[in-house]
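Worksheet: the structure to be examined is printed underneath.
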Amino acid sequence: MKIILHPVKKLCADPETCEQTLKFLYRMLEERDKTINISHKVMPAYKEHKKFVLSEPYSSWYIIELGKTPIGNTYLSKKDEIGIFLLNRYQRKGYAKKVIGMMIDGHPRKQYLANVSPHNDNGRKFFERL
């Protein structure tokens with residue numbers, strides 16, 4: 001199946017797709033292991049989450065789709081840090097490596113930093129292998 005990256009900014013330009021995008025990103029936060037999270041220790045309220053997403057905190061931010069199924073999100077921060085999170089059932093299947101390649105191809109930089117918690121052994125090892 002084909003992986004497609006949909007810009008969050010474009011998805012949130014339309015009220016209907018924006019609400020779907022906000023809900024998907026919030027569900028991803030709920031699934032994420034809190035012990036390896038780098039952005040927050042406590043689950044934000046939906047209203048706080050919405051405000052964060054709509055503030056356009058990253059230079060580029062995408063919903064990752066496999067076919068027509070959203071499976072994760074990836075971003076490039078304003079400091080050239082790449083972050084990625086896939087729903088648990090889509091991890092360790094080669095999708096993350098492909099998405100990181102797509103991000104690098106689509107956003108050329110001299111260097112990239114990995115935005116991963118030092119407590120996230122799997123994520124750290126993934127980026128080290130790249």
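Predicted model, so just to flag it, every value in this text is computed and none were measured.
In this structure, F126 and V116 have side chains that are not in contact, with every pair of non-hydrogen atoms separated by 4.5 Å or more. Contact of the V53 side chain with the W61 side chain is registered, since non-hydrogen atoms from C-beta on lie closer than 4.5 Å. Side chains of Y112 and I100 form no contact here, defined as non-hydrogen atoms less than 4.5 Å apart. Between M103 and L76, some side-chain heavy-atom pair lies under the 4.5 Å cut-off. Considering only heavy atoms from C-beta on, Y95 stays 4.5 Å or farther from I64 through its side chain. With a 4.5 Å cut-off on side-chain heavy atoms, L29 and P44 count as touching. Side-chain contact check for K97 versus L130: some heavy-atom pair is nearer than 4.5 Å. Looking at heavy atoms from C-beta onward, N73 lies out of side-chain contact with Y62 at the 4.5 angstrom threshold.
Here the side chain of T21 pairs no donor or acceptor atom with the backbone of L11 at under 3.5 angstrom.
From M1, atom CE reaches atom CG of L66 across 5.5 Å, with rounding to the nearest 0.5 Å. Taking SG of C18 as the reference point, atom NZ of K10 lies at 14.5 Å (rounded to 0.5 Å). The distance from atom CZ of F127 to atom CG of L113, rounded to the nearest 0.5 Å, is 10.5 Å. The line from CD of E19 to NZ of K50 is 5.5 Å long, rounded to the nearest 0.5 Å. Atom CG of D105 sits about 8.5 Å away from atom CE of M102, to the nearest 0.5 Å. Atom-to-atom distance recorded for L22:CG and K47:NZ is 14.0 Å, nearest 0.5 angstrom.
Classification of the F52-Y58 ring pair by plane angle, with boundaries at 30° and 60°, yields perpendicular.
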Extract all donor-acceptor atom pairs below 3.5 Å that involve side chains of residues 79-89 and protein atoms in other chains or at least two apart in sequence.
unit_1: D80; atom_1: OD1; unit_2: R109; atom_2: NE; d: 2.7
unit_1: E81; atom_1: OE1; unit_2: S77; atom_2: OG; d: 2.8
unit_1: N88; atom_1: OD1; unit_2: Q91; atom_2: NE2; d: 3.3
unit_1: N88; atom_1: ND2; unit_2: E31; atom_2: OE2; d: 3.3

Give the intermediate values and the outcome of ring-ring contact (aromatic ring centres under 6.0 Å, His included) for residues Y26 and H49. CA-CA 7 Å; Y26 197 71; H49 164 72; 5.1 Å; yes
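Aromatic ring centres of Y75 and H107: separated by at least 6.0 Å.
No more than 12 heavy atoms of other residues, nucleotides or ligands shown are found within 6.0 angstrom of NZ on K68.
I4 and G67 get closest at one heavy-atom pair: CD1-O, 4.1 Å. Scanning both residues, E56 and K78, for their nearest heavy atoms gives O-NZ, 3.4 Å.
In the hydrophobic clustering of ILVMFWY residues, with side-chain heavy atoms under 4.5 Å counting as a link, F24 and L54 come out apart.
With sequence neighbours left out, the salt bridge (charged side-chain N to carboxylate O under 4.0 Å, His left out) criterion links E128 to R124.
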